[in-house]
Structures are given as structure tokens and as C-alpha cells.
Amino acid sequence: MRLSQYFLPILKETPKEAEIVSHRLMLRAGMIRQQAAGIYSWLPLGKRVLDKVCRIVREEQDRSGALEIMMPTIQSADLWRESGRYDDYGKEMLRIEDRHERELLYGPTNEEMVTDIFRSYVRSYKDLPLNLYHIQWKFRDEVRPRFGVMRSREFLMKDAYSFDLDQEAARNAYNRMFVAYLRTFTRCGLQAIPMRADTGPIGGDLSHEFIILASTGESAVFCHRDYLDLKVPSEDVDFRDPQKLAEIVTTWTTPYAATEEMHDEAAWGTVPEGEKLAARGIEVGHIFYFGTKYSAPMGAVVTGPDGKDVPVHMGSYGIGPSRLIAAIIEASHDEAGIIWPKSVAPFDVGIVNMKPGDAECDAACDQLYRELGAAGLDVLLDDEDSRAGAKFATMDLIGLPVQVIIGPRGAKAGEAEVKIRATGERETVPLSGLVGRLT
Ligand code: ATP
Ligand code: MG
Ligand code: MG
Ligand code: MG
């Protein structure tokens, strides 16, 4: 992508309404634009990051055996009356009436709808286990939307739903998602800690929130330092091996970790003083097992091996990709701007042409741009005629992992300056070996 042909509306001023750094940087870097309270458009740079995050989420869901579907954003109120949640959900639900005065709603979550899909087709335990997920916009009329996409009213969610014959099988489904979540957050460059959590309005008795430690987090969290050194399962983890998955989950749930609502002073007291981490946290994911809470009232039953009909055991598993992006920025930035982890960076490399219009400089930049692109990298070429200071500030602000700076003198000498955004290291290197070095 050439910057001259791109749409990157950088803000020079620090937006006053933004209270936390991720919100400020997302606005300044031209990633998002607020359209109404808690409702955002994603501009080209933001959309690229969102797509990269969703791709990681999708790859890990697929690896664990979940199947992608796509359910609508608009749901019928009648479906929610079947579970009893239409009245319980309260003001967070956006209720809509169509021209025929039929009651609809903009989905805040999809348990009812996916249960309806399941009961319409699945009859036998032989078709289990099943896990269906989608990545779709949700709406919750939050009392206090704030912090940009961190707590917005319209937000993206990956929500998966598992169906199993009994509790033991459901526990295995839960473990599969647990491990998939560990891998997902690590691949996004984050250290997420699974914490025992309250089950809230969804109900049930087994639930973990995945929390990123950050001073701007909305909840107080308490955990053992050991979490910081635990090893995340590699990509060849066998999702068909229940024993192995259970071992991983045990490792990741044994040290103390709880959010404020579940905090247990007595258990916390047994953690040695020097090992305690009392901090603030951001909830980026949440997994629940809730048994037959929806399947029983909604009649989602299967015939078991003994010929008897039983309601299926279900769980639901959410990740907020839009919030996740804000969390990544909270965890990875400096004074000058965002520092993207490689895996989710909008572009892998930024080339800065210091003197557009200079024939040699243009030729060197264009050649590198083509070659890096051909090698499979996403490249942003700053070919605009602006001040050096502004060019550098923009590159630092948008946080691409590697910057390659090419000026007329360098182009003549066959050299470029390479800057690593995360460390600030700069090095002059020959243009000839650059592609090999960056790929
Ligand atoms: P919170 O406690 O922050 O209100 P929640 O517990 O209501 O979140 P869940 O119902 O568990 O959220 O939804 C799953 C995931 O969806 C959350 O872990 C989070 O990543 C994301 N999410 C929930 N609400 C929002 C929101 N208002 N804005 C952005 N992402 C959200
Ligand atoms: Mg909430
Ligand atoms: Mg919560
Ligand atoms: Mg939650």
C-alpha cells in the first residue's frame, strides 16, 4: 500500500474525550471513528488489525474442532421468551419493533439462537460433540460506554457454543476452548491469565475469565506470580486427547487467580507475600459451562445410548476481538505511539521514502516495496512529500514492527536504515540483502 493512495487520517491533537492510552492512540492513528456514543467505524488501518486478530481467533477455534457459522445480529423476542431471558436481560438489550409490530432485538449474545439451530437438526448423541461459533457484531446498551472500543455498545464478539451428552463430555469441550484461548491470546502477543469467575446472568457452575493485567483495567484481580512463567501449549497440542487437555487446564488453574467477585481472602492468605500479584485487569475472554440451562427450557434434547432423551449439556465461550485490540495497545505502546506485536500489525514493514521525486530514491523504494510484497509481507510505503519529522512521527504512531528509511544518499550508496519499532534500534544495512533479512 502506498501512503499517497491510502486513507490514514492521523490526528495531530490528542483527543480530549479519550481517557486511556489505547483510546487516544486508536483515534490519533486513524484506526476508528466514533459515530454515536459507544458506536464506532473501523477505518482502513483499524480494519486491518481487526482482520488479523479475527484470523488468529478463527485459526485457533478451527484447530480445536469448532465449526464456523454466521448467525444474524437481529433476533426475535419470542426466542428469548422461551429461555425466560427476554424479561431478565434488562436495559442492556436493545429492543426493536418492525413495521408489523413484531418484537425484535439486536443480539447481545446468541445462546438462544444457537440452541434453536441445534434442536432443529440434532437428534442423537452420535452427532455429538458439536461446537458452533461465529464472529459477529453484538449490541449491549452499556450504562457507561467508555474507553473507545474497550467498552463500546456495538462490539465484535467471537462466541462459540458447545453441545455434549453429559457433564464429563462438556468438561472436555470446556477444556478444548480453554486451551484454544491460551493459544489465541499468546499469538496476539498478550499474556492472559485465566481467573475463576462469577457466572453472572448466564448462570452455571464452571467459568473462567481471561484477564490481561493493565493499570487501566476495570476490575481488581488477584493472582499468583507463577502465571507469568507458565508455558502456553504449542500448536501441535492434540485436541483429541482429553487427558492431555485436562492436564494443561489443571496446570493453568492450580495457582491462585480470581477476579474481585470471586476473591477468597482465606485462600489468598496462603499465597506467600512475595508471590502475590494484586493488580487491575481487562477481561478479554470468558468461558462458561452452564449445563442444561437453555437446552432444558428450549427442548434441545438428544437420544442417548440407552434410548432415553436427555437435554444437552452446553457451554459458551466469548472473545471480544475489538476490545482485544485496545488491550494489546494498553500492553504495548510508548510515548511515540503503538508498538504492534508482529502477528497483528496492520503492515509488517513501513518504507519511508525521504525524498519522493528523487529518481534513485524512488527506484530503490519501489523495488524494495515490490520485493517485500512478493515475499508475502504487508508493506506500507510512505511516498508522500512531507517533512522528515512528520514522516517519522507517523511511522512511530502507527507502530509497524520494522521501518526501512531510504534517502537519496542511501539510495546512491545502496543502503537503507532499518529501525526496529519495539527497541528503537537502528542499523544501516545494504539494500541488497534486505529482503532476505526481513522475511
Ligand atoms: P464486562 O464484564 O467487561 O462487561 P461481560 O462479562 O459482560 O464483559 P461477556 O458476556 O463475558 O462480557 O462477553 C464475552 C467477551 O465479549 C468479553 O470477555 C469481552 O472481551 C467482550 N465484551 C463484552 N462486553 C463488551 C463491550 N461492551 N465492549 C467490547 N467488548 C466487550
Ligand atoms: Mg458486561
Ligand atoms: Mg465480565
Ligand atoms: Mg464475562
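Only heavy atoms go into these numbers, but all of them, side chains included; no hydrogens, no water, no symmetry mates. Worth saying up front: this structure is predicted, and the values here are computed from it rather than measured. When a ligand or atom number is given, it counts from 1 through the structure's own listing order.
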Closest approach of [X] to [Y] (non-hydrogen atoms, all atoms of both residues):
X: Leu165; Y: Ala169; result: N-CB, 4.5 Å
X: Pro255; Y: His224; result: CB-CB, 3.7 Å
X: Ala66; Y: Met177; result: CB-CE, 4.0 Å

Does Phe288, backbone or side chain, put an N or O under 3.5 Å from an N or O of ligand 1?
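Phe288 vs ligand 1: no N/O contact under 3.5 Å.
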N/O separation below 3.5 Å, Met157 to ligand 1
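The answer is no, given that Met157 and ligand 1 share no N or O pair closer than 3.5 Å.
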Ligand-residue contact atoms, ligand 1 with [X], heavy atoms, under 4.0 Å:
X: Val284; answer: 18 (O), 20 (O)
X: Ser152; answer: 26 (C), 27 (N), 28 (N)
X: Val149; answer: 29 (C)

Which residue from [options] reaches closest to [atom] through any of its heavy atoms?
atom: atom 31 (C) of ligand 1; options: Phe155, Phe139, Tyr317; answer: Phe155
atom: atom 12 (O) of ligand 1; options: His286, Arg140, Glu142; answer: Arg140
atom: atom 18 (O) of ligand 1; options: Arg323, Arg144, Glu283; answer: Glu283

Should the ring pair [X] and [Y] be called parallel, tilted or perpendicular, given that the plane angle runs from 0 to 90° and is split at 30 and 60?
X: Phe210; Y: Phe185; answer: tilted
X: Trp268; Y: His263; answer: perpendicular
X: Trp252; Y: Tyr227; answer: tilted

So is [X] touching ligand 1 or not, going by heavy atoms under 4.0 Å?
X: Gly285; value: yes
X: Met150; value: yes
X: Thr109; value: no

How about Glu209: does one of its N, O or S atoms come closer than 2.8 Å to the Mg ion (ligand 4)?
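Checking Glu209: none of its N, O or S atoms is under 2.8 Å.
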Rounded to 10 degrees, what angle sits at the Mg ion (ligand 4) between Glu283 OE2 and His286 ND1?
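An angle of 100° at the metal.
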Tell me whether Arg323 forms a cation-pi arrangement with Phe155, defined as NZ or CZ under 6.0 Å from the six-membered ring centre and within 45 degrees of its axis.
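Output no; distance or angle outside limits.
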Does Tyr106 have Arg153 sitting over its ring (NZ/CZ under 6.0 Å from centre, angle to axis within 45°)?
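Not flagged: Arg153 not positioned over aromatic ring of Tyr106.
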With backbone taken as N, CA, C and O and side chain as the heavy atoms from C-beta onward, which portion of Asp159 lies under 4.0 Å from ligand 1: side chain, backbone, both, or neither?
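Neither; no heavy atom under 4.0 Å.
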Around atom CZ of Arg196, are there more than 12 heavy atoms of other residues, nucleotides or ligands at under 6.0 Å?
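Check fails, neighbour count at 12 or below.
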